[in-house]
Enquirer: 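Before I ask anything, let me first share the structure, which is written out below as structure tokens.
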Amino acid sequence: MVKQPPPSSRRTMQPATSKRKVAASPKKPKAAAKDKAAPVEDAKTVTQAPRDMTKEEIRLFLTDLSHAWPNAVTELHYTTPFTLLVAVVLSAQATDASVNRVTPGLFADAPTPAAMVQLGEEGVGEHIRTIGLWRNKAKNVVELSRQLLERHDGQVPGTRDQLEALAGVGRKTANVVLNVAFNQPTVPVDTHVFRLANRTGLGRGKTVEAVETALEKRIPPEMIRDSHHWMILQGRYVCKARKPECWRCAASVPCLFPAKTDRPVSKPPRQST
């Protein structure tokens, strides 16, 4: 507990100390902010490859990933283009595992757009309240279901523009649906693909759109569709955000990441005395 000064001294101490504190306090945060900014800039310089991969390096890198993930598919559970669309919308800022825990019950009650509209926002919310942003997602899922009924006879459209016109559907979600449900050669760029593309030199860019454009131009056409799944799984389980596990990477040779990590050295167990 902070002790209060005796009553006789409060009036003489308060004016002088309050003025000095107000005048001095603004300078301290500025100095602290500059100190914290330097490591961030340093981190950015080492998390991006120094150059783009060559065509030969790209093909070798993706071939290595194809061997590491030979049966790569989306980890979201779905049965129809509609349930895939809903699952991808729900996966924004949430893990696939958390979405897969709630969709079986949701799709059992509402497997079609008409059933989803009938279930309503409150009913959808009851199923998905364990995932992030569930209230807004429930609203979007019901609205996009209504839009599918009104605009597309209850069918999921197969073009990017039509998909992005639906509630809660952005470019990445549209690309996933086009890639997985309609077998189109799109490259959805999520946080894992964005990180991996920049680190390795596969397709560097400051924005998601820039990385997507780079990947679509540079990846061999016959590898575009499947490469999406290889990159997501590699980024999720090996080329991790905090620290990539380069010693486990099947494509470390063509990778241009300048700060590759070594296998951790296991400490021997302590011997009891």
Side-chain angles (χ1 to χ4, degrees), residues 69 71-152 154-157 160 162-182 186-196 208 212 228-245:
W69 308 102
N71 302 309
V73 293
T74 179
E75 293 188 314
L76 290 171
H77 298 165
Y78 72 99
T79 55
T80 64
F82 172 68
T83 56
L84 172 65
L85 173 61
V86 172
V88 179
V89 169
L90 295 179
S91 70
Q93 300 184 45
T95 64
D96 287 359
S98 67
V99 173
N100 289 336
R101 285 193 290 267
V102 303
T103 50
L106 175 63
F107 295 154
D109 287 350
T112 65
M116 196 70 74
V117 172
Q118 183 67 29
L119 187 60
E121 291 182 29
E122 185 175 346
V124 173
E126 288 297 322
H127 284 286
I128 69 170
R129 62 175 60 246
T130 58
I131 63 175
L133 306 175
W134 66 270
R135 289 186 178 85
N136 193 51
K137 289 177 181 179
K139 179 180 179 180
N140 285 334
V141 165
V142 173
E143 180 58 24
L144 73 82
S145 299
R146 183 178 292 108
Q147 292 169 339
L148 289 176
L149 293 170
E150 294 175 350
R151 304 174 186 175
H152 307 288
Q155 301 300 310
V156 176
R160 179 182 284 112
Q162 289 176 320
L163 284 168
E164 289 191 43
L166 299 173
V169 178
R171 186 175 183 85
K172 190 212 78 173
T173 297
N175 279 339
V176 171
V177 173
L178 293 174
N179 182 296
V180 177
F182 296 99
T186 60
V187 186
V189 177
D190 67 354
T191 181
H192 302 298
V193 174
F194 183 86
R195 178 176 64 254
L196 181 140
V208 169
E212 179 185 326
H228 157 63
H229 301 294
W230 303 333
M231 289 187 289
I232 282 184
L233 294 177
Q234 185 73 5
R236 181 175 292 164
Y237 298 112
V238 180
C239 196
K240 299 178 181 179
R242 181 168 295 182
K243 187 177 183 180
E245 299 179 358

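Excluded from the calculations below are hydrogen atoms, water molecules and symmetry mates; all remaining heavy atoms, backbone and side chain alike, are included.
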Enquirer: One pair to check against side-chain contact (heavy atoms from CB on, under 4.5 Å): V99 and H77. What are the steps and the verdict?
Expert: CA-CA 9 Å; V99 173; H77 298 165; over 6 Å; no
Enquirer: Distance check, rounded to the nearest 0.5 Å: H229 atom NE2 versus N71 atom CG?
Expert: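 Atom-to-atom, H229:NE2 and N71:CG are 12.0 Å apart.
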Enquirer: Please walk me through it: do V189 and H228 pass side-chain contact (heavy atoms from CB on, under 4.5 Å)?
Expert: CA-CA 8 Å; V189 177; H228 157 63; over 6 Å; no
Enquirer: If you take all heavy atoms of L148 and F82, which pair is closest and at what distance?
Expert: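 So the two residues come closest at CD1-CD1, 3.7 Å.
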Enquirer: Measure the shortest side-chain to side-chain distance between V102 and W134 over non-hydrogen atoms and say whether it is less than 4.5 angstrom.
Expert: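 Answer no - side chains too far apart.
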Enquirer: Which value, rounded to the nearest 0.5 Å, describes the distance between K139 atom NZ and R135 atom CZ?
Expert: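 If we round to the nearest 0.5 Å, K139:NZ and R135:CZ are 13.0 Å apart.
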Enquirer: Quick check: does any side chain N or O of K137 sit under 3.5 Å from a backbone N or O of A92, one acting as donor and the other as acceptor?
Expert: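 Side chain of K137 to backbone of A92, a donor-acceptor pair under 3.5 Å: yes, one is there.
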Enquirer: Under 4.5 Å between any side-chain heavy atoms of L149 and V117, yes or no?
Expert: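 They are in contact (side-chain heavy atoms under 4.5 Å apart), so the answer is yes.
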Enquirer: Check step by step if salt bridge (charged side-chain N to carboxylate O under 4.0 Å, His left out) holds for E212 and K172.
Expert: CA-CA 10 Å; E212 179 185 326; K172 190 212 78 173; over 6 Å; no
Enquirer: Short question: side chain of T80, backbone of T83 - any donor-acceptor pair under 3.5 Å?
Expert: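 Between the backbone of T83 and the side chain of T80 there is a qualifying donor-acceptor contact (under 3.5 Å).
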Enquirer: Among V180, V177, N179, which one satisfies side chain to side chain contact (heavy atoms under 4.5 Å, CB included) with T186?
Expert: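 With T186 as partner, V180, V177, N179 yield a single side chain to side chain contact (heavy atoms under 4.5 Å, CB included), made by N179.
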Enquirer: So does E164 have more than 12 non-hydrogen atoms from other groups sitting under 6.0 Å from CD?
Expert: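 More than 12 within 6.0 Å, yes.
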Enquirer: Do the side chain of Q234 and the main chain of L196 share a donor and acceptor less than 3.5 angstrom apart?
Expert: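 No, Q234 side chain to L196 backbone: no donor-acceptor pair under 3.5 Å.
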Enquirer: Look at the side chain of R151 and the backbone N and O of L166, then say whether any donor-acceptor pair between them is shorter than 3.5 Å.
Expert: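 No.
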Enquirer: Under the 3.5 angstrom rule, does the side chain of T112 hit a backbone N or O of A115 as a donor-acceptor pair?
Expert: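 Such a contact is found between T112 side chain and A115 backbone.
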Enquirer: Using side-chain contact (heavy atoms from CB on, under 4.5 Å), reason through D190 and I232 one step at a time and then give a plain yes or no.
Expert: CA-CA 8 Å; D190 67 354; I232 282 184; 3.8 Å; yes
Enquirer: Considering all heavy atoms of both residues, which atom of R195 and which atom of H192 are nearest to each other, and what is their separation?
Expert: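 In terms of heavy atoms, the two residues are closest at NH2-ND1, 3.0 Å.
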Enquirer: Do Y78 and V86 come close enough that some side-chain heavy atom pair is under 4.5 Å?
Expert: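 A side-chain contact is absent here, since even the closest heavy-atom pair is not under 4.5 Å.
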Enquirer: Quick one: OG1 on T191 to CZ on R236, what's the gap to the nearest 0.5 Å?
Expert: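 Rounded to the nearest 0.5 Å, the OG1-CZ separation comes out at 10.5 Å.
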Enquirer: Considering non-hydrogen atoms only, spot the tightest contact between M116 and V124 and give its length.
Expert: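 For M116 and V124, the tightest heavy-atom pair comes out as SD-CG2, 3.7 Å.
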Enquirer: Is L90 close to I131 at the side-chain level, that is, under 4.5 Å between some pair of heavy atoms?
Expert: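 The answer is yes; the side chains approach within 4.5 Å.
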Enquirer: State, yes or no, whether a side-chain contact exists between V208 and R171 at a heavy-atom distance under 4.5 Å.
Expert: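 Not touching, per the 4.5 Å side-chain cut-off.
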Enquirer: What's the shortest heavy-atom distance between V142 and E121, and which atoms?
Expert: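 That closest heavy-atom pairing would be CG2-N, 3.6 Å.
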Enquirer: Would you compute the distance between atom CZ of R101 and atom OG1 of T130 and round it to the nearest 0.5 angstrom?
Expert: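 The distance works out to 7.0 Å.
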Enquirer: For the CG atom of L233 and the SG atom of C239, what is their distance to the nearest 0.5 Å?
Expert: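 Atom-to-atom, L233:CG and C239:SG are 13.0 Å apart.
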Enquirer: If you count the non-hydrogen atoms of other residues, nucleotides and ligands that lie under 6.0 Å from CD in Q155, is the total more than 12?
Expert: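 Check fails, neighbour count at 12 or below.
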Enquirer: First locate atom CZ of R160, then atom CG of L178, and finally report the distance between them rounded to the nearest 0.5 Å.
Expert: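 If we round to the nearest 0.5 Å, R160:CZ and L178:CG are 6.0 Å apart.
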Enquirer: Over all heavy atoms of both residues, which pair between A138 and I128 is shortest? Give the atoms and the distance, please.
Expert: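 Result for this residue pair: N-CD1, 3.8 Å.
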Enquirer: Compare every heavy atom of L84 with every heavy atom of A181, then report the nearest pair and how far apart it is.
Expert: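 Scanning both residues completely, I find the closest heavy atoms to be CB-CD2, 3.8 Å.
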Enquirer: Distance-only, no hydrogens or angles: does the S98 side chain make a donor-acceptor pair with backbone N or O of A94 under 3.5 Å?
Expert: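 No, because the side chain of S98 does not come within donor-acceptor range (under 3.5 Å) of the backbone of A94.
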Enquirer: Report the C-alpha distance between V88 and L76 in whole Å, list the side-chain angles of each, state the deciding distance to 0.1 Å, and finish with yes or no for side-chain contact (heavy atoms from CB on, under 4.5 Å).
Expert: CA-CA 8 Å; V88 179; L76 290 171; 3.8 Å; yes
Enquirer: State, yes or no, whether a side-chain contact exists between L106 and L119 at a heavy-atom distance under 4.5 Å.
Expert: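 A side-chain contact exists here, since the closest heavy-atom pair is under 4.5 Å.
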